[in-house]
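Here is how names work: the chains are called A, B, and so on, in the same order as the sequence lines, proteins then strands, and each is numbered from 1.
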Amino acid sequence: MDLNPQQLAAVRHLHGPLLVLAGAGSGKTRVITAKISHLLRNGGLEPEQVFAVTFTNRAAREMSERVIADAGRAGRKVSVSTFHRLGLRIIREDPAAAGLKPGFSIFNAGDAESLLRELLRMHWGGEADATALRDASRAAVGTISNWKNALLTPEQAAATARSTLDRTHAAVYRDYQNHLLMSNAVDFDDLLLHPVRLLHQAADRRALWQARVRYLLVDEYQDTNGAQYELIRLLTGERGAFTVVGDDDQSIYAWRGARPDNLVTLSRDFPELAVVKLEQNYRSRSNILKSANALISHNPHLFEKRLWSERGPGDLVRIVELDDDDAEADRVASEIVQQHARRRCGWGEFAVVYRSNHQARALELRLQAMKVPYRISGGGSFFDRGEVRDALAYYRLLVNPDDDGALLRVINVPRRQLGAATLGALQRVANRRRSALLPAVDASDLATEVGGSAARRLIGFRDWLSHWRGQLQRPAVALRDMLNDAGYEGWLASLSKDDAELARIRWSNVELLLAAIERRSLAGDDPAEILRSLALDDSLDRDDDDEVDPEQVQLLTLHAAKGLEFAHVWLMGFEEGLLPHRNCITDEQVAEERRLAYVGLTRAMESLTLTLTRKRRARGESRRSEPSRFLAELPKEHYEWEGREDEPEERKEARARESLDALKNLLD
DNA sequence: GGAACTTTCAATTAC
DNA sequence: TGAAAGTTCC
């Protein structure tokens with residue numbers, strides 16, 4: 001493998017901790033994969049002893065593929081996962097240490113927010129309108145998540161609370177944590193928090209895990225939060241056998257507790273830390289790289305670095321200004337089709353990135369109409385669909401009868417005459433005996449709260465669930481039969497009776513889920529583990545790993561795009577309010593948005609197009625939009641701006657000729 | 001209680 | 001613009 005001297009130094013440094021400061025496109029994934037091969041060949045390690053962690057599923061999958069490509073058969077046994085999946089693995093072996101039973105559930109962000117909404121409702125004692133509750137629960141989600149990521153208990157949070165709001169949040173945090181435990185559930189933050197507590201408190205478990213994790217590699221280290229940092233320390237212990245790779249200019253997760261100064265903390269905690277800088281960019285043409293460098297130079301830095309490239313200037317960066325978001329989507333879609341024909345490269349060479357998920361929608365419709373294969377990541381994904389969440393909730397109730405979140409979701413879907421009144425009564429019974437809702441159906445005092453017919457319906461539901469729970473050894477079969485028995489497909493049809501196509505799509509999503517469960521079940525995974533694994537997945541297509549079609553246009557948020565590279569990149573919505581996002585006010589927030597833009601620009605290898613509009617439809621109504629302030633920070637000599645009034649005539653003509661050529665090409 | 005209709009409101013980013 | 005929640009009537 002071809003490595004430059006710095007990369008080689010990073011790969012060969014086996015003894016003692018190492019920090020690799022790796023600029024965008026400087027080959028850090030290459031270093032990580034080469035280092036894993038080196039550890040296996042020359043470091044005397046078995047593949048099971050090497051662990052690599054990343055932040056997103058997508059990055060983990062990408063790295064895993066490259067490790068397998070590089071290290072072959074042994075590469076499959078190397079553990080490459082997200083932090084959260086590693087945390088899950090640690091909890092799974094010791095659920096009791098976290099106060100959990102083996103079938104425990106994972107609450108996603110939506111589950112957590114609904115739970116907090118209910119707790120806040122109780123806290124406020126009834127009189128609360130829906131909007132206030134929604135706003136308050138969102139705020140609480142953020143505060144509690146930050147506390148968890150900083151490893152604070154509810155008691156510690158209460159002790160540090162200064163404002164009334166903080167005290168309320170601390171009280172709700174305590175209730176929330178109690179309720180999670182009662183539901184035999186964890187949230188995403190707990191997947192880091194519980195392992196840190198466990199490894200901190202139980203010396204034998206710590207020793208066990210430290211013996212297992214003989215070498216740890218951490219990608220995107222600048223995005224670690226307090227809990228993740230502790231986890232790294234606890235797993236590597238005194239030995240300090242680790243390599244972390246990071247770039248402070250690409251720190252984009254401050255909003256979920258990331259502490260880029262963990263780069264500095266590391267050299268304090270590990271005085272023997274070695275540092276290697278990677279500054280040669282192998283990815284981007286210099287017009288792109290110089291634009292990105294100029295942009296990021298407007299930010300303060302923890303470390304000075306100078307990125308350079310030998311790849312030649314390439315095309316100018318294109319800035320394309322359009323009338324509105326419809327024109328923007330039309331334009332990007334048709335350019336992709338044109339370039340696909342003209343450049344004769346696969347669909348997978350093209351990527352479109354944007355700040356927030358909803359921006360993908362207009363483009364998605366056009367790509368569908370033009371029959372362009374595409375892959376979309378993140379929000380609005382498969383697992384956010386109502387029917388998929390319903391089916392998963394049924395599954396959760398089978399695996400974990402204490403899962404109140406799942407129970408509340410499906411107890412009356414389809415209708416079972418178990419409405420708000422009955423559930424309120426059941427909740428009172430559950431509160432008295434400090435149990436979850438479903439076990440409260442067995443309470444001797446159920447009749448004091450619930451009338452005879454409602455009680456019979458509750459008992460019927462409980463028994464019905466128990467019946468299917470008995471079939472769980474074939475989870476996909478049990479779930480399918482159960483949904484059929486419940487008349488769920490008919491319920492979906494009745495929900496969208498004016499749109500038969502929609503009903504069909506919804507049921508086919510359930511079918512997709514069932515197929516994925518069946519595949520994993522046949523592969524030998526146990527039912528509870530399949531469920532938890534699905535909770536951490538962002539899409540289903542990781543399953544059929546040899547069937548993944550690489551020839552798809554990639555639609556990604558800027559966050560999801562980090563760590564990836566593409567020949568031709570479009571960044572949509574380079575406007576004030578979108579990038580930087582309108583909620584970002586302070587200098588630090590704007591600096592993070594600038595890093596986000598920097599991440600976007602540096603994804604491109606050969607060509608980069610930034611699009612912006614003069615007006616944009618938001619919530620139905622049209623609003624004027626303005627170019628992003630970041631545009632003024634790009635050096636003029638590296639871009640051409642199309643759509644400005646003062647654009648020279650000859651450039652317009654040249655462009656018209658080009659698209660005519662492209663059209664001809666397409667027709668051939 | 002359920003079907004058909006009207007009104008309202010929403011969208012930062014991820015595990 | 002499109003889903004979810006509210007409203008009316010049977």
**Asked** Which residue pairs pass the salt bridge (Lys or Arg N to Asp or Glu O under 4.0 Å) test when at least one of the two sits in residues 130-142 of chain A, sequence neighbours left out?
**Response**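 Sorted pair list: A/Glu113-A/Arg138.
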**Request:** Would you please name every residue forming a side-chain hydrogen bond (donor to acceptor under 3.5 Å, both in side chains) with A/Asp249, sequence neighbours left out?
**Result:**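 In terms of side-chain hydrogen bond (donor to acceptor under 3.5 Å, both in side chains), with neighbours along the sequence ignored, A/Asp249 is linked to A/His301, A/Lys305.
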**Message:** Check A/Arg92 with A/Asp526, please: is the shortest side-chain N to carboxylate O separation under 4.0 Å?
**Reply:**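 Judged by the 4.0 Å cut-off on N to carboxylate O distance, A/Asp526 and A/Arg92 do not form a salt bridge.
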Base, sugar-phosphate alone, or nothing: which one does [X] contact when heavy atoms must sit under 4.0 Å apart?
X        : value
A/Ala535 : nothing
A/Arg582 : nothing
A/Phe55  : sugar-phosphate

For [X], all residues meeting side chain to side chain contact (heavy atoms under 4.5 Å, CB included), sequence neighbours excluded:
X        : result
A/Thr82  : A/Thr54, A/Asn57, A/Ala60, A/His84, A/Arg85
A/Thr422 : A/Leu418, A/Val450, A/Ala454, A/Leu458
A/Asp330 : A/Arg366

**Prompt:** In chain order, what residues pass the salt bridge (Lys or Arg N to Asp or Glu O under 4.0 Å) check against A/Glu220, with sequence neighbours excluded?
**Reply:**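 A/Lys28, A/Lys562.
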**Item:** With sequence neighbours excluded, residues passing salt bridge (Lys or Arg N to Asp or Glu O under 4.0 Å) with A/Asp323
**Value:**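 Once residues adjacent in sequence are excluded, the partners of A/Asp323 under the salt bridge (Lys or Arg N to Asp or Glu O under 4.0 Å) criterion are A/Arg614.
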**Asked** With respect to the side chain of A/Asn57, which nucleotide from B/dC15, B/dA14, B/dA11 is positioned closest?
**Response**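 Nearest nucleotide to the side chain: B/dC15.
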**Asked** For the pair made of OH in A/Tyr253 and P in B/dT13, what is the distance, rounded to whole Å?
**Response**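 After rounding, the gap between these two atoms is 11 Å.
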**Prompt:** Of all nucleotides in DNA chain C with an atom under 4.0 Å from a non-hydrogen atom of chain A, which is the first and which the last going 5' to 3'?
**Reply:**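 The contact span of chain A on DNA chain C goes from C/dT1 to C/dG2.
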Distances for protein N/O vs nucleotides 6-10 of chain B N/O pairs under 3.5 angstrom?
residue: B/dA10; atom: OP1; partner: A/Arg134; partner atom: NE; Å: 3.4
residue: B/dA10; atom: OP1; partner: A/Arg134; partner atom: NH2; Å: 2.4
residue: B/dA10; atom: N6; partner: A/Arg619; partner atom: O; Å: 3.2

